[in-house]
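Here is the structure we will look at.
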Amino acid sequence: MIVKIVSKNFDIENSHKLSVALKHDRYSSLKKLFAMSPDEVTNEVTKSGLRGKGGGGAPTGEKWKLMPKNHDKPSYLVVNADESEPGTFKDRQIMEYDPHLLIEGIINSSYAIGANSAYIYIRGEYVFWAKRLNEAIEEAYEAGYLGEKVAGYDYKLDIVVHRGAGAYICGEKSALLESLEGKRGHPRLKPQQKEPEWFFGGPTVVNNVETIASVPYIINNGYEAYRAYGTEQSPGTMLFGMSGHIENPGIYELPFGTRMKDVLEKIGGGVKGGKKLKALIPGGSSCHVLKAEEIEDITLDYESLRKHGSSLGTGGMIIMDEDTFMPEAMKNLFEFYHHESCGQCTPCREGCGWVDKILAKLLSGNGTKKDYDTIFDACEMLNGKTICVFAPSVAFIANSYITKFKDEFYSLCKKD
Amino acid sequence: MSEFKFSKQNKEKYNELLKKYPNKASLTLPLLWMVQYQEGWISEDAMIYIADKLGTSAMDIQSIASFYTMFNLKPVGKYNIQVCKTLSCKLCGSEKIRTHLQNRLGIKFGETTKDMKFTLSEVECLGACGEAPAMSLNDDYVGDLTVEKIDKILDEL
Ligand SMILES: Cc1cc2nc3c(=O)[nH]c(=O)nc-3n(C[C@H](O)[C@H](O)[C@H](O)COP(=O)(O)O)c2cc1C
Ligand code: SF4
Ligand code: FES
């Protein structure tokens, strides 16, 4: 089941060091890359069908094509290493075990979009990983893979690692850019039409770490080789995660289209302690929860999860066994959302806190059925009247927990 | 004028950083980090210093610094322990770890011991869900926590 494209070097000793990385294909795409024009690179990535791995699954090549040609301000690539979605811990593996793959991917991608500067925005807690990246970047400069002439070609590129400081919302790309511009991490209003992002007025692409790390393989082996894995609509592979009640938690690279149940059983080793599965969140806490009986024919790809009323998200699965009390699980997530709302929009700032408080009341045994009506009202308020998608997704999550595990939730109510 | 000053090393770092961004406003977070590493926390005085360097007001810097939970706006203990309270860790027994830490250190979350040795807080998902329950101790992560493991770590500090 496991395929190693992005994770190929993860098990090699000292794979983070340039001398070792060079023996294992790193920077081997550059010859091909610079023989192509930037547009040809973008086309190759478009044809590969590579989709963003930061949670949204947007087609990467299409996004790159939005970059204007001959803009009067410089262009930028910003790599999203904020990785704060609960249940997600994949980008960190790339930065730990193969930082040179990320650097190689940044060279590929920056060249395609015409950027000479790239920033890696890494969550503040990842001190070890920021250090590791900086060491790798330093090695790459010394060896001439970064700087005035990348690998001797007529192309200049600088990479800077920029540390965040503890704010989940800075993973949202426009909030990330605000933060990179030295401000509070407040998401920006979305433009009406499709356009690139902007960093100090310069056109900018924001891509997830894993997305960028997937590019060298495509350039090296061609789009068809990438498409040989996965499905028509979800080509290639993804670093899937398992955490919670599972025997073998961890990160595993799998082709899209792999059967979820097989992954849980054959790779995950089944639910911890031989217990029964109760529920599963497929890709980070912002995806709709699934009941055990819903996962029977789910395959790990965008279309299958959509068909089953959830989403693939970041691929970080959270597994819950039969003893999990769902109202408590939901309360835990609402403490998170309450804490992490950036506070710009009143419905979001107030709504998340409100739901959290009502859940506390219900869990303490003092709630009534009416309290659920209040939660649903709050959800309506959260849905659709805010600057970013944080609030609407919180509303959907609340709905999915309460409706799917109705009996458990209503068992909390006082008899009235 | 502020009393606070960057160390010589940080002054050099500041000049290096200036070259790396199209606009020096981007230096806000890096400078706040530099202050925090130098002093352990970020005083109002240091904010005035940063504001001066970046050509903005101390109030702006204050408003930005307070948005980010990792910036300490008051002194913290020598060892800053932050335990994850989010779902995967909870499913793997973080409750027990959290209770144990509070009992053993004799403080609640958000507090610092009188001798300024330990600060204890709860944080949201650290991105270490595969090694749940997890915490960070200053700049390092510790995962697969058990009560015994915590005792061993604390005994050695
Ligand atoms: C609330 C919120 C949090 C997000 N957090 C992250 C994150 O931590 N890492 C990430 O790569 N993308 C995150 N995203 C998605 C980004 O906005 C953006 O779509 C992504 O970085 C684009 O890269 P990709 O197309 O390569 O996935 C988040 C989005 C939202 C709405
Ligand atoms: S929806 Fe919430 S997180 Fe998004 S901008 Fe509004 S307040 Fe901030
Ligand atoms: S839930 Fe604790 S590290 Fe992710």
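Proteins come first, then strands; the chains are lettered A, B, ... in the order of their sequence lines, and each starts at number 1.
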Quick one: what part of Leu29(B) sits under 4.5 Å from any heavy atom of chain A, side chain, backbone, both or neither? side chain
Who pairs with Trp198(A) by ring-ring contact (aromatic ring centres under 6.0 Å, His included), at least two apart in sequence or on another chain? His71(A)
Can you tell which part of Arg92(A) gets under 4.5 Å to a heavy atom of chain B, answering side chain, backbone, both or neither? side chain
Trp33(B) ring center within less than 6.0 Å of Tyr68(B) ring center: no
Option in Thr69(B), Thr28(B), Asp60(B), Ile61(B) with maximal non-hydrogen atom pairs under 4.5 Å from chain A: Thr69(B)
Which bit of Cys170(A) comes within less than 4.5 Å of chain B, counting heavy atoms only: side chain, backbone, both or neither? side chain
Interface residue of largest heavy-atom contact number with chain B, from Ser84(A), Pro249(A), Pro74(A), Gly244(A), under 4.5 Å: Gly244(A)
What about the rings of Tyr252(A) and Phe240(A), do their centers lie closer together than 6.0 Å? no
Tell me, side chain or backbone of Ser285(A) under 4.5 Å from chain B's heavy atoms, or both, or neither? neither
Under 3.5 Å side-chain donor-acceptor pair for Tyr126(A) and Asp82(A): no
Side chain, backbone, both or neither: which part of Thr56(B) has a heavy atom under 4.5 Å from chain A? neither
What residue in Ser88(B), Ser26(B), Ala25(B) has the most heavy-atom pairs under 4.5 Å with chain A? Ser26(B)
Heavy-atom distances under 4.5 Å only: say whether Tyr21(B) touches chain A with side chain, backbone, both or neither. both
For Asp155(B), is there an ion pair with Arg104(B) - N to carboxylate O distance below 4.0 angstrom? yes
Regarding Glu253(A) and Ser7(A), do their side chains bring together a donor and an acceptor under 3.5 Å, going by distance alone? yes
Hey, can you pull the donor-acceptor pairs under 3.5 Å for the side chains in residues 77-85 of chain B, sequence neighbours left out?
{"unit_1": "Gln82(B)", "atom_1": "NE2", "unit_2": "Ser121(B)", "atom_2": "OG", "d": "3.1"}
{"unit_1": "Lys85(B)", "atom_1": "NZ", "unit_2": "Glu335(A)", "atom_2": "OE1", "d": "2.7"}
{"unit_1": "Lys85(B)", "atom_1": "NZ", "unit_2": "Glu124(B)", "atom_2": "OE2", "d": "3.4"}

Can you find a side-chain donor-acceptor pair between Asn116(A) and Tyr76(A) that sits under 3.5 Å? no
Given heavy-atom pairs under 4.5 angstrom as the criterion, report whether the side chain, backbone, both or neither of Lys20(B) touches chain A. both
Top of Phe128(A), Phe336(A), Phe199(A), Tyr168(A) for chain B proximity - count of heavy-atom pairs under 4.5 angstrom: Phe336(A)
Pair count under 4.5 Å, heavy atoms only, with chain B: among Ser117(A), Gly87(A), Gly124(A), Gly185(A), highest is Gly185(A)
Segment of Ser136(B) engaging chain A (4.5 angstrom heavy-atom cut-off): neither
Heavy-atom cut-off 4.5 Å, strictly under: side chain, backbone, both or neither for Ile281(A) against chain B? side chain
Looking only at heavy atoms and a cut-off of under 4.5 Å, which of His245(A), Arg163(A), His186(A), Glu181(A) has the most pairs with chain B? Arg163(A)
Distance-only polar pair, side chains of Gln36(B) and Trp41(B), donor-acceptor under 3.5 Å: no
So what's closer than 4.5 Å to chain B heavy atoms on Ile169(A): side chain, backbone, both or neither? side chain
Using non-hydrogen atoms and a 4.5 Å limit, figure out which bit of Lys272(A) sits close to chain B: side chain, backbone, both or neither. side chain
Charged N-O contact under 4.0 Å between Lys156(A) and Asp158(A): yes
What about the rings of His162(A) and Tyr119(A), do their centers lie closer together than 6.0 Å? no
Taking all heavy atoms of Pro22(B) and all of Phe200(A), pick out the closest pair and write down the distance. CG-CD1, 3.7 Å
So for Glu131(B), is it side chain, backbone, both, or neither that comes closer than 4.5 Å to the heavy atoms of chain A? side chain
Heaviest contributor of heavy-atom pairs below 4.5 Å to chain B, chosen from Glu83(A), Arg123(A), Met242(A), is Arg123(A)
Whatever's closer than 4.5 Å to a heavy atom in chain B on Glu340(A) counts as side chain
